[in-house]
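Report on one structure; see the data block that follows.
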2 protein chains.
Amino acid sequence: MQSRTPASRTGRPRSAAADTAILAATRQALVELGWSRLTLGDVATRAGVAKTTLYRRWAGKPELVVDAVAELFDELELPDRGSLAADIEGVVLQFAAILARPEARSGLMAVVAESTRDEALRERIRASIVDRQKRLVLEGRARAEARGELPPPAGPAEAARSADLIFDVVAGAVVHRTLVSAEPADEEWVRGFTRVLLGGLGAASA
Amino acid sequence: MQSRTPASRTGRPRSAAADTAILAATRQALVELGWSRLTLGDVATRAGVAKTTLYRRWAGKPELVVDAVAELFDELELPDRGSLAADIEGVVLQFAAILARPEARSGLMAVVAESTRDEALRERIRASIVDRQKRLVLEGRARAEARGELPPPAGPAEAARSADLIFDVVAGAVVHRTLVSAEPADEEWVRGFTRVLLGGLGAASA
DNA sequence: GGCATTACGCTACGACACGTAGCGAAAGCT
DNA sequence: AGCTTTCGCTACGTGTCGTAGCGTAATGCC
């Protein structure tokens, strides 16, 4: 979350309940108002805290929304479904379910847009949202290699490159489908996507 | 662009020069200020027009930025490079070059984020930005079929589905690589992406 | 218990951008 | 000419921003 100062052991501690109330209020405001109409004063009122308390903990709207949205991705996991295809379909459907929620739709793209001009914000997004997703890619590939479904990478550099590539393809496709094309990434779509991802374009219409 | 009223033939016509000056000023402001700090008053000053003139032509910041960014995609085309792989690499590199420009980076994601709560804005984006890109997918596939590189789709419904899927995969991957991972979609990356797209995951590390 | 320290709620404030109204002047058409 | 629409300009009420200041509440340390 925000920058902890572990050296401060004296004085009144920050209310942990206020943190959760503020983040929940932020998500609710995202649902009802969207990113642009969301104001920090309104969030403070919803959470039952003073506006100044909010500014003492977060630098601004983007930082607050990143933390509020990041909690949505806590539920992401990668259960072993027995095959690479089934693993991919499972995790993509989870990701799609999160992106189907209005608080994720309005919040996520907005903070990414803001991060194009704010290096610190991009790092915050990477640490609290992106890295958690990317770990699933590495896990899934390791499993597929163990099953003999994928050849081991040529070396560590090549392994990192291809993991980054696969991550951009998977996450990018789901995000684009959901937010730009504005169509649901439902089971049928995910099946088609997995087929292309595993077999390439020639297998698209099989 | 904005809603033309062809019935109005009398009175002083709108200055076409003002349109181009406003859109150019919008892109310049996007580069220097980004989306959040961009104000319509500032754009009007840069363009040398009154703020009221701007409001007479565009409903608000999102609509203005959509039109300003859409012009960046005018240069997209699909030259015949002889093979499907070469065609894909060519158009993806063009798309990546546009997304590398700061006015596209800051503007595009912001209006997409805004469009999650604004149906009219999403339609505007689709008509002036997305459809132009999607046409390239259809063209590229038709060429590949003519060359015998891809099998013809099973039917018109399946053809539309797979075209939408491919479009989301290609555009999504490039956007995610550029804006979320914040890494350049350079020639090396595009080669790897094309290999995966054509041959599937097994071909990733070849 | 008393003290220092930090967080909290509240109020008030200047700064800024928003979007609109009203006016006179300019530029086209018939 | 006369009509119509756009343009530049000024001014205004509204809302949000982010901060300052104050008194109060909650903890750790002596």
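Throughout, protein chains are lettered first and strands after them, A, B, ... in sequence-line order, and every chain is numbered starting at 1.
When each of B/G60 and B/G11 is assigned the nucleotide of DNA chain C bearing its nearest heavy atom, the one mapping closer to the 5' terminus is B/G60.
Atom CZ in A/R57 sits about 16 Å away from atom P in C/dT6, given to the nearest Å. For the pair B/L54 CG and C/dA21 P, the interatomic distance rounds to 17 Å; values are reported in whole Å. Between A/E63 atom CD and D/dC17 atom P the separation is 14 Å, expressed in whole Å. Whole-Å rounding puts the B/K61 NZ to C/dC16 P distance at 17 Å.
Of all nucleotides listed (C/dG28, D/dG8, C/dA7), D/dG8 comes nearest to the side chain of B/R56. With C/dG19, C/dC10, D/dC9 as the candidates, the nucleotide lying closest to the side chain of A/T52 is C/dC10. Closest approach to the A/K51 side chain among D/dC17, C/dA7, D/dG8 is made by D/dC17 (side chain taken as heavy atoms from C-beta onward). Proximity note for A/R12 (side chain, C-beta onward) versus C/dT6, C/dA27, D/dG8: the nearest is C/dT6. Here the side chain of B/Y55 is nearest to one of C/dT20, C/dA7, C/dA27, namely C/dT20.
For the residue pair B/R14 / B/T53, no side-chain donor-acceptor distance below 3.5 Å is found, with atom types taken as modelled.
Of all the residues in residues 31-42 of chain B, B/T39, B/L40, B/G41 reach under 4.0 Å from DNA chain C with at least one non-hydrogen atom.
When the side-chain nitrogen and oxygen atoms of A/T53 are compared with OP1 and OP2 of C/dG9, one or more of them lie within a distance under 4.0 Å.
Taking both residues in full, the closest heavy atoms of B/V69 and B/G107 are given as CG2-CA, 4.3 Å, listed atom of the first, atom of the second, then distance. The two residues A/V43 and A/A25 make their nearest non-hydrogen contact at O-CB, 3.9 Å.
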Pair B/E188, A/R161 - check salt bridge (Lys or Arg N to Asp or Glu O under 4.0 Å), show working.
CA-CA 10 Å; B/E188 181 186 1; A/R161 248 200 305 275; 3.4 Å; yes

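Remark: B/R147 engages B/D80 in a salt bridge, criterion side-chain N to carboxylate O under 4.0 Å. Salt-bridge formation is detected for the pair A/R46/A/D42: a Lys NZ or Arg NE/NH1/NH2 atom is positioned less than 4.0 Å from an Asp or Glu carboxylate oxygen. Remark: B/R124 does not engage B/D118 in a salt bridge, criterion side-chain N to carboxylate O under 4.0 Å.
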